[in-house]
Amino acid sequence: MRLDVVTIFPEYLEPLNVSLVGKARARGRLDVHVHDLRDWTYDRHNTVDDTPYGGGPGMVMKTEPWGDALDTLLADGYEAGHTGPALVVPTPSGRPFTQELAVELSERPWLVFTPARYEGIDRRVVDEYATRMPVYEVSIGDYVLAGGEAAVLVVTEAVARLLPGVLGNAESHRDDSFAPGAMANLLEGPVYTKPPEWRGRDIPDVLLSGHHGKIARWRRDEALRRTTANRPDLIERCDPAAFDKKDREMLSILGWEPEPDGRFWRRVKAVEE
Ligand code: JCZ
């Protein structure tokens, strides 16, 4: 997969040299090109922003540097034999970035990221490139960053680990919590390793029992416990067929009960005096 990133802070993308993404690059699975947007400015101050039409606070990134940068890197990529680019634009008003979208992006041969600063990029840039390639405007969560670079790192890491030959067998992602095919998208429960006792804290006995059936059930119960506590929305949107009899028992213990349609809704907690 080829990745291009255009930014006014190329050094912000240094983490792409490290760890999993760095290894994917070293192994030739990822071909990453980071570009400085200011290379496509031609005035003394390397201006990339201007005041917004219609007034209001902040500045807007100008069309011309983005257009020239994208035209250049697209021409270079095609010249090098790449095809099928898609534009990925981080923005808090984008489509939520999920594991499902990570899988979709991992199946594309070429991603071009345009992390903005200020109040974002003049809309005509996205409109222009949307006539030439798929455009994904993505939000990595409901909070406001100062710019899109951190979102590029997030999306890149989620995508890179899905590429063939990037993850080893030991860290295979077939049972990821949010894998689209998963029966129920439950959060993972707690994990433990040696030593068996640490500061007076020991390991749940069942994990030392060697009883694989009981261990699987315990893990499932802990996953249900965590998911109801931290992500009740995941339980509510679950296909009821994803819950077996033991799941229903556990959900009941956790204070959940089925609606007539089979979907789970949290039991109303008694109001305390
Ligand atoms: C440019 N501020 C680009 C994306 N999910 C999310 N939160 N915040 C962003 C984001 C913020 C930005 C820019 C200026 C993306």
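Just so you know, ligand 1 is whichever comes first in the structure, and atom 1 is the first atom listed for that ligand. As the structure is a computational prediction, the values presented were derived from the model and not from experiment.
Pairs passing the salt bridge (charged side-chain N to carboxylate O under 4.0 Å, His left out) check and including a residue from residues 5-25, sequence neighbours excluded, do not occur.
Ring centers of W110 and Y78: under 6.0 Å apart, within the cut-off.
The CG atom of D36 sits 8.0 Å away from atom OG1 of T41, with the distance rounded to the nearest 0.5 Å.
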Discussion item. Between E249 and R220, does the salt bridge (Lys or Arg N to Asp or Glu O under 4.0 Å) criterion hold? Intermediate values first, please.
Written reply: CA-CA 12 Å; E249 273 171 39; R220 178 92 179 162; over 6 Å; no

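Checked for salt-bridge contact, E104 and R108 miss the test: no charged N lies under 4.0 Å from a carboxylate O. Salt-bridge check for R231 with D233: passed, with a basic side-chain N closer than 4.0 Å to an acidic carboxylate O.
Annotation: ligand 1 has protein neighbours P90, T91, P92, A116, R117, Y118, S139, I140, G141, Y143, V144, L145, A146, G147, G148, each with a heavy atom less than 4.0 angstrom from the ligand.
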